[in-house]
Amino acid sequence: PEVTGFLLVIGAGLSTGVGTAFVFSNKLISLASRPFLAGSLGFSAGVMLYVSFAEILQKGVESFGAVSEKYGLIYATLSFFLGVIFMVVCDKVVHRLESASYQRGGEA
């Protein structure tokens, strides 16, 4: 189990390095059209949502279930969606601060 985890971490690190290597090739940069990038971002968002719902939410249900068997699912679901709302608020605040900086003539 430890070796498998270690190999997965190494694979993730290497894939990050390979992904950044694309920046140094003009031919590969030209392949990165807007539809391709949009599809890639959509796919990665879908993978992250799947992991959140299937893996992390289940662990939250188990953890909250240890405290309250009756309300474990409710607490975990509320916590998940409160986290989503918190991230949306953070995104809005950052965009507002960024636009205010541009209006004052500052750099982003």
Side-chain angles (χ1 to χ4, degrees):
E2 293 86 17
V3 174
T4 304
F6 182 72
L7 291 175
L8 288 173
V9 169
I10 294 296
L14 289 175
S15 64
T16 302
V18 169
T20 57
F22 287 129
V23 174
F24 299 110
S25 171
N26 289 332
K27 185 176 181 181
L28 290 175
I29 289 174
S30 67
L31 293 176
S33 63
R34 282 189 176 267
F36 176 76
L37 291 175
S40 298
L41 286 172
F43 176 75
S44 65
V47 169
M48 287 186 275
L49 282 174
Y50 170 76
V51 168
S52 296
F53 278 118
E55 301 282 333
I56 298 172
L57 187 62
Q58 184 60 35
K59 289 182 183 178
V61 170
E62 291 172 6
S63 297
F64 280 118
V67 176
S68 170
E69 285 187 28
K70 185 176 180 182
Y71 297 111
L73 177 63
I74 294 171
Y75 291 154
T77 305
L78 278 173
S79 297
F80 180 81
F81 285 107
L82 284 174
V84 170
I85 291 168
F86 177 73
M87 292 307 299
V88 168
V89 169
C90 287
D91 186 52
K92 299 289 183 191
V93 168
V94 167
H95 283 290
R96 185 168 295 222
L97 291 173
E98 187 177 56
S99 67
S101 174
Y102 279 127
Q103 289 174 355
R104 287 193 312 261
E107 294 181 17

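One hydrophobic cluster, built from ILVMFWY side chains closer than 4.5 Å, cannot hold both Val18 and Ile10; they sit in different ones. At a threshold of 4.5 Å between side-chain heavy atoms, the hydrophobic network of Ile, Leu, Val, Met, Phe, Trp and Tyr places Ile56 and Tyr50 in one connected group. The cluster map of Ile, Leu, Val, Met, Phe, Trp and Tyr, joined by side-chain heavy atoms under 4.5 Å apart, puts Val84 and Phe53 in the same cluster. Using a 4.5 Å cut-off between side-chain heavy atoms of Ile, Leu, Val, Met, Phe, Trp and Tyr, with links allowed through other members, Phe80 and Leu78 fall into different hydrophobic clusters.
When all heavy atoms are compared, the tightest approach of Tyr75 to Ser68 is CE1-CB, 4.3 Å. Of all the heavy atoms in Ala76 and Gly60, the pair that sits closest is CB-C, 3.8 Å.
Between atom OH of residue Tyr71 and atom OG1 of residue Thr77 there is a gap of 14.0 Å, rounded to the nearest 0.5 Å. Taking CZ of Phe36 as the start and CG of Leu41 as the end, the distance is 10.0 Å to the nearest 0.5 Å. Rounding to the nearest 0.5 Å places CG of Leu73 at 8.5 Å from CD of Gln58. Leu57 contributes atom CG, which lies 8.0 Å from atom CZ of Phe81 (distance to the nearest 0.5 angstrom). The CZ atom of Phe43 lies 10.5 Å from the CE atom of Met48; values are rounded to the nearest 0.5 Å.
Ser15 places a side-chain N or O within donor-acceptor distance of the main-chain N or O of Ala12, the cut-off being under 3.5 Å.
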